[in-house]
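Take a look at the structure below.
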Number of protein chains: 2
Amino acid sequence: MKKTILIYGFVVALLVVILKVLEYKYFVRNLSVEIYIGVVAVLFVSLGIWLGGKVNSGKLIHQDKELKSREINTEQVKELGISKREFEVLELISAGYSNQEIAEKLFISLSTVKTHSSNLFLKLDVKRRTQAIQKAKELNIL
Amino acid sequence: MKKTILIYGFVVALLVVILKVLEYKYFVRNLSVEIYIGVVAVLFVSLGIWLGGKVNSGKLIHQDKELKSREINTEQVKELGISKREFEVLELISAGYSNQEIAEKLFISLSTVKTHSSNLFLKLDVKRRTQAIQKAKELNIL
DNA sequence: TAAGAAATGGTACTAAAGTATGATTCATTT
DNA sequence: AAATGAATCATACTTTAGTACCATTTCTTA
């Protein structure tokens, strides 16, 4: 950002110099005022567009998106009353694993996985694992 | 976008008029050249930033992000040999719908939905719908 | 027009997923 | 110490999902 400001100052100074030169030529050669105005307009509008692009895309948009999503995460999980184990199951479900595979990964029985996922669906207020994935992403907990 | 261009033209015209007026005053009252240049610079840079914001956020950035993902999208789908109907089923699967619900939404039988999803899984090289969702997002086709 | 892909549907079967209920263990909290 | 919540597991059952095969009907394209 500091770099942008420096470059901005430099470019403005440069343009002022260019303007001065043009100003001088105007008096000497009596150039058409329209051309003069046109050049000035194009130069400054270009500068503005470039500046606007730097400022808008580089800062505002990005930071907003990434900060918010990570904060809501853990809070939402607690609010919904989702336990650690249930959350782990949720992660594996959304990674595409079957209940049996999840059981093996977590070293628990298929029964337990079903219990966890069933409770999870209640807390997420969904009926299927695919809905759970969808909702979890909507709620930013995945 | 047409509106933006119209407004742009209008504002430029307006500024030209303002410049003319200033030009006139300059000859009459012999204003300082520096002030004149400053006013011109500020006006056009402002216009440029405003324009830049419009153009960049409205077009370039968005279209870039959306066009790219949309292009890879359709190309990938074609490369995998996924048909329109299969893709529709994929979308509904990832939205969390059951096969029965998908059948109702597309006005086809449960049988057909199963056929489509089964073929889809072959093409995506997955075994389950949750894996299909995962892979589809990895491949940027969803 | 004939060949082939796409879409549709049926039957039958297997495999997962999901629900309901009850029970045990363990750690934490009151 | 008693109560509570989390994690574990089992059994039994219902519902979805998924596979395999086969068949018919559009479309599209060579």
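Order of the sequence lines fixes the chain letters, A, B, ..., with proteins taken first and strands second; residue numbering starts at 1 for each chain.
- Taking 4.5 Å as the limit, every side-chain heavy atom of B/Gln76 sits out of range of all side-chain heavy atoms of B/Asn140.
- Taking atom CD1 of residue B/Ile108 and atom C1' of nucleotide D/dT25, one finds them 15 Å apart after rounding to whole Å.
- Atom P of nucleotide C/dA17 and atom CD1 of A/Ile102 are separated by 8 Å, given to the nearest angstrom.
- Going from atom CZ of A/Arg128 over to atom P of D/dA17 covers 6 Å, rounded to whole Å.
- Across the protein-nucleic acid pair, B/Ile93 atom CD1 and D/dA17 atom C1' stand 10 Å apart, rounded to whole Å.
- Whole-Å rounding puts the A/Asn119 CG to C/dG22 C1' distance at 14 Å.
- Residues A/Ile108 and A/Arg85 are in side-chain contact: their nearest non-hydrogen atoms beyond the backbone lie under 4.5 Å apart.
- For A/Glu101 (side chain) and A/Tyr97 (main-chain N/O), no donor-acceptor pair under 3.5 Å exists by modelled atom type.
- In this entry the distance linking NE2 of A/His116 with C1' of D/dA7 reads 5 Å, nearest Å.
- Within 4.0 Å of A/Ser117, counting heavy atoms only, lies no atom of the nucleic acid at all.
- Looking at heavy-atom distances under 4.0 Å, B/Ser109 makes contact with sugar-phosphate atoms alone, never a base.
- A/Thr112 comes within contact range of at least one nucleobase, with a heavy-atom separation under 4.0 Å.
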